[in-house]
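These notes concern the structure reproduced below.
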Amino acid sequence: LVVSPGFSVLSEDFAADPYGYFPWLRQSAPVHFEPAIDGYFLSRYQDVRRVLTDHEAFTTETLQVRAEPVMRGPVLAQMTGAEHSAKRKIVVRGFTGQALQDQIRVIRADAAELIAPFLPRGRVDLVNDFGRPLAVYVTLDVLGLDKAHWPQVAAWHSGIAEFITSLVMTPERRRHCLDCAEQLEAYLLPVIEARRRDPGEDLISRLCTAEFDGIAMSNREVTALIINVLAAATEPADKTLALLFRHLIDHPEQLAQVRRDLHLLPAAIAETLRYTPPVQLIPRQAQQDVVFAGGTVPAGATAFCMIGAANRDPDAFTAPDTFDLHRPDLGTARSFTAAAQHLAFGTGLHQCVGAAFARAQIETVAALLLPLLDGVRYSPGFHYRETGLYTRGPAGLSLDFT
Ligand code: 2IO
């Protein structure tokens with residue numbers, strides 16, 4: 001058994017600054033067992049890569065308990081074989097080509113609308129005033145849902161996200177999260193029925209009209225994929241945008257370079273994802289005993305891949321704790337593809353299906369904001385704080401400009 005005396009991922013100290021613990025974890029406890037969670041935490045780049053690509057030894061079965069109760073059915077990441085490739089393709093088609101071009105236009109319009117009221121004030125909280133509502137707005141547009149319902153959908157989303165991203169949960173919180181999921185399911189059902197009768201160009205219509213093995217998907221299958229997309233497109237979006245601005249403000253030279261040449265934005269986004277991945281943990285279930293240099297993950301156990309720790313492993317990146325959009329080992333052009341060096345989108349068969357969409361979204365919004373937020377800086381008295389162990393990002397980011 002690999003217990004590390006005195007250390008817990010559930011401690012307040014770790015929550016305050018996980019990055020401070022990663023060197024020690026990789027060095028001295030690369031397979032850290034957490035009794036309260038009954039899970040093994042892997043922090044080395046090569047070990048994480050192995051877990052995510054050895055699909056025989058590690059499966060996504062753990063999502064049956066970690067996600068399915070709030071997804072109301074199986075998500076893409078749970079599927080295997082022909083079903084997985086067919087349904088993944090349906091979702092990919094909803095996020096590429098003409099669909100993506102249309103989405104980019106919608107994203108620009110949504111961002112312009114949401115930032116407008118803050119421009120005359122010269123101050124905006126990039127997370128709470130802008131990023132969070134924008135993330136929900138954009139997701140609703142992609143799904144073809146009514147944007148007027150965004151506060152309600154945002155509330156359901158946060159309950160669902162809380163369920164997926166909690167390592168321990170009280171029965172009361174669990175009940176609250178399940179209530180959110182059930183209400184969202186009830187809200188979606190009539191929409192699904194309507195799209196079956198009268199499909200449009202949106203993702204829900206695509207899911208309703210697509211066939212797998214000559215058969216249309218059931219309401220339960222469509223619902224789960226909608227909630228899957230809703231959670232995956234919303235939860236990390238505001239975090240990534242705020243982290244990008246945080247790092248650029250902290251590195252004024254790189255901010256100036258990006259301002260001068262917006263073609264550097266993809267590199268800045270990729271480096272943000274490497275340096276501070278918004279999804280910090282990816283769970284898998286061991287199908288057999290798996291021996292690592294630092295310990296064994298036993299058959300049946302949950303292994304949590306620590307993406308933030310892996311992305312700062314000196315065996316994978318030189319000067320890993322430095323934010324440098326010019327780093328030669330980043331491979332910007334590949335950073336949003338299956339050949340990415342960083343692990344922010346995971347890797348292997350279940351690598352993020354929305355990576356290209358995520359890039360387009362953050363790039364579009366940042367390119368719109370940078371010229372508007374002239375002289376952008378932290379508001380006086382602002383105290384920076386990050387929250388979250390599973391998904392992690394700034395609690396707020398109050399910025400002044402012009
Ligand atoms: C939605 C953490 C929001 C995914 C998940 C049950 C499956 C899968 C992920 C990401 C982001 C979430 N897991 N997206 O880590 O679809």
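Counting starts at 1 for both ligands and their atoms, in listed order. This one's a predicted model, so the numbers in the text were calculated from it and none came from an experiment. The figures that follow rest on heavy atoms only: side chains count, while hydrogens, waters and symmetry mates do not. Numbering of residues begins at 1 and proceeds along the displayed sequence.
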(message) Among residues at least two apart in sequence or on other chains, which ones pass side-chain hydrogen bond (donor to acceptor under 3.5 Å, both in side chains) with Q257?
(response) H326
(request) Quick one: do Y378 and D250 satisfy side-chain hydrogen bond (donor to acceptor under 3.5 Å, both in side chains)? Show the steps, please. (result) CA-CA 10 Å; Y378 300 123; D250 286 351; 2.7 Å; yes
Ligand 1 N/O to protein N/O, distances under 3.5 Å:
residue  : atom   : partner : partner atom : Å
ligand 1 : 16 (O) : N228    : ND2          : 3.0

(request) With sequence neighbours excluded, tell me which residues meet ring pair (Phe, Tyr, Trp, His ring centres under 6.0 Å) with F22. (result) Y19
(request) Assert yes or no for the condition that the ring centre distance of F7 to Y21 is strictly below 6.0 Å. (result) yes
Output side-chain donor-acceptor pairs under 3.5 Å for residues 69-76, partner residues at least two apart or in another chain, one line each.
residue : atom : partner : partner atom : Å
R72     : NE   : E185    : OE1          : 2.9
R72     : NH1  : P69     : O            : 2.7

(message) A cation-pi test, strictly: NZ or CZ of R274 under 6.0 Å from the centre of the six-membered ring of F317 and no more than 45 degrees from its axis. Yes or no?
(response) yes
